[in-house]
Amino acid sequence: MRSQSEGRPSEARSRLLTTATRLFYAEGIHAVGIDRIVAEAQVTRATLYRHFPGKEDLVLAYLSEVDRAMRSQADEAIAAGLPAPDTVRALSRSIAQGIQSEGFRGCAFLNAAAEYPAPESPVRQAVLAHRQWFLDTVTELLARIRQSDAEPAARHFVMMRDGAMAAGCLFDPALVCETFLRGVESLLQVYAATDTEPAGA
C-alpha cells in the first residue's frame, strides 16, 4: 500500500512536467499559467504544489529536462568514437534535425533567457549554466583537432548554432540547416588549416 501511494506522486509529477514542457516550449513560459497546466495534466493544484512549490520550480525542472536531453544528444555523438571533426559534424547534423522537427520553436534556453532578463534570476542562471556546458563541450572537441584557439572557434560554432535556431523559426528550416552545416564545414576547414604549431614542435 505504501508503494502505491509513493508511486502516484511520481506519476503525477511526470504528467505535470510533460505538460509544462510542451506548453512552455510551444507558447512561452509567462503565457502559460498554473491553472492551465493543472487542468491539462489532470491533477489538483495541491498535487502540483506538493511537487513544485512555485511556478519557478516547475520552470527550472522543465529546463533541466531539456538540458538532460541535449547532453544525451551530445554524449551520443561523442560516444560513437569518431575523429573529432566528424564528431562535430555529427553533433551539427543532430542540431539540424532538431531544427527541422515538427513543432520546432527555437532554442528553449534562449527563449527562457528572453523571458527572464534579470541576471540574478535562477532561471537565467540555469540558462547560463547550460550554455557554458555546451561551449565547454564544443571547445573540448575542437581542442582535439588542435589546442590553440579552441575556445574562440567554439564560440563561433555556438553563434552559428544560435543563428540557425533563430532563423529556423522564421525561414525554410531545410535551407537554414543547409546554410548552418556549410558554415560548420567551413569553420572546421579553416580551423584545421590554420594550425601554425605542428604536432611535436
Side-chain angles (χ1 to χ4, degrees), residues 5-78 91-138 157-170 173 176-177 180:
S5 64
E6 288 176 350
R8 268 192 232 104
S10 177
E11 180 186 349
R13 184 184 188 280
S14 178
R15 287 207 311 275
L16 282 164
L17 190 50
T18 298
T19 301
T21 295
R22 172 173 54 82
L23 293 175
F24 286 160
Y25 184 68
E27 301 181 21
I29 296 171
H30 291 326
V32 178
I34 289 297
D35 289 340
R36 171 94 178 276
I37 295 170
V38 165
E40 296 205 16
Q42 298 182 329
V43 300
T44 64
R45 288 179 69 93
T47 297
L48 182 143
Y49 288 125
R50 184 162 64 248
H51 294 289
F52 305 101
K55 183 178 178 180
E56 185 176 90
D57 299 280
L58 184 55
V59 173
L60 290 171
Y62 151 62
L63 291 177
S64 179
E65 286 297 301
V66 179
D67 175 75
R68 187 175 295 112
M70 294 186 69
R71 286 174 186 255
S72 177
Q73 183 183 65
D75 288 344
E76 184 177 345
I78 294 169
L91 181 59
S92 302
R93 287 194 297 270
S94 182
I95 292 169
Q97 288 171 2
I99 292 172
Q100 295 180 84
S101 64
E102 184 177 355
F104 178 72
R105 295 291 183 274
C107 173
F109 289 92
L110 293 178
N111 294 346
E115 295 199 59
Y116 289 83
E120 68 277 7
S121 165
V123 173
R124 185 91 173 182
Q125 292 301 313
V127 170
L128 293 175
H130 168 81
R131 290 182 63 79
Q132 187 62 53
W133 159 78
F134 187 67
L135 175 63
D136 291 344
T137 298
V138 178
F157 179 94
V158 173
M159 288 181 67
M160 287 195 297
R161 177 261 184 195
D162 290 347
M165 285 279 191
C169 299
L170 301 171
V176 168
C177 289
F180 167 62

What closest approach, in Å, do Ala61 and Phe52 show between heavy atoms, and which atom pair accounts for it?
CB-CE2, 3.6 Å
Shortest non-hydrogen pair, Ser92 vs Phe180, comes out as O-CE2, 3.6 Å
In chain order, what residues pass the side chain to side chain donor-acceptor pair (under 3.5 Å) check against Asp162, with sequence neighbours excluded?
Arg131
If you compare all heavy atoms of Ile37 against all heavy atoms of Val32, which two are closest, and at what distance to 0.1 Å?
CG1-CG1, 3.7 Å
Could you tell me whether Glu56 atom CD has more than 12 heavy atoms of other residues or ligands within 6.0 Å of it?
yes
Do any pairs count as a salt bridge (charged side-chain N to carboxylate O under 4.0 Å, His left out) and have a residue in residues 60-71, sequence neighbours left out, and if so which ones?
Glu65-Arg68, Asp67-Arg71
All heavy atoms of Val176 vs all of Gly168, minimum pair found to be CG1-N, 3.9 Å
Taken to the nearest 0.5 Å, the spacing of Leu16 CG from Tyr49 OH works out to 11.0 Å
Given 3.5 Å as the limit, does a donor-acceptor pair link the side chain of Thr137 with the main chain of Trp133, or not?
yes
Give every residue pair that meets the side-chain hydrogen bond (donor to acceptor under 3.5 Å, both in side chains) criterion with at least one member in residues 22-35, sequence neighbours excluded.
Arg22-Glu40, Glu27-Arg36, Asp35-Arg45
Taking side chain to side chain donor-acceptor pair (under 3.5 Å) as the definition, give me every residue that meets it alongside Thr19, ordered by chain and number, with sequence neighbours left out.
none
Contacts of type side chain to side chain donor-acceptor pair (under 3.5 Å), residue Asp75, not counting sequence neighbours:
none
Minimal heavy-atom distance between Gly106 and Cys169, with the atoms involved, is N-SG, 3.1 Å
For Phe109 and His130, take the angle between the two ring planes, folded into 0 to 90°, and tell me which bin it lands in: parallel under 30, tilted 30 to 60, perpendicular over 60.
parallel
Which pair of heavy atoms, one from Ala114 and one from Pro117, lies closest together, and at what distance?
O-CD, 4.2 Å
Set of residues satisfying side-chain contact (heavy atoms from CB on, under 4.5 Å) with respect to Ala112, sequence neighbours excluded
Ile29, Leu63, Val123, Val127
Sort and list the pairs that fulfil side-chain hydrogen bond (donor to acceptor under 3.5 Å, both in side chains) and have at least one residue in residues 94-108, not counting sequence neighbours.
Gln73-Ser94
Just verifying a value: how many Å separate Leu48 CG and Lys55 NZ, rounded to the nearest 0.5 Å?
11.0 Å
Sequence neighbours excluded, every pair satisfying side-chain hydrogen bond (donor to acceptor under 3.5 Å, both in side chains) that has a member inside residues 111-124:
none
Test your reading of the model: is there a side-chain donor-acceptor pair from Ser64 to the backbone of Leu60, 3.5 Å cut-off?
no
Phe134 and Leu91: side-chain contact (heavy atoms from CB on, under 4.5 Å), yes or no, with the steps?
CA-CA 11 Å; Phe134 187 67; Leu91 181 59; 4.3 Å; yes
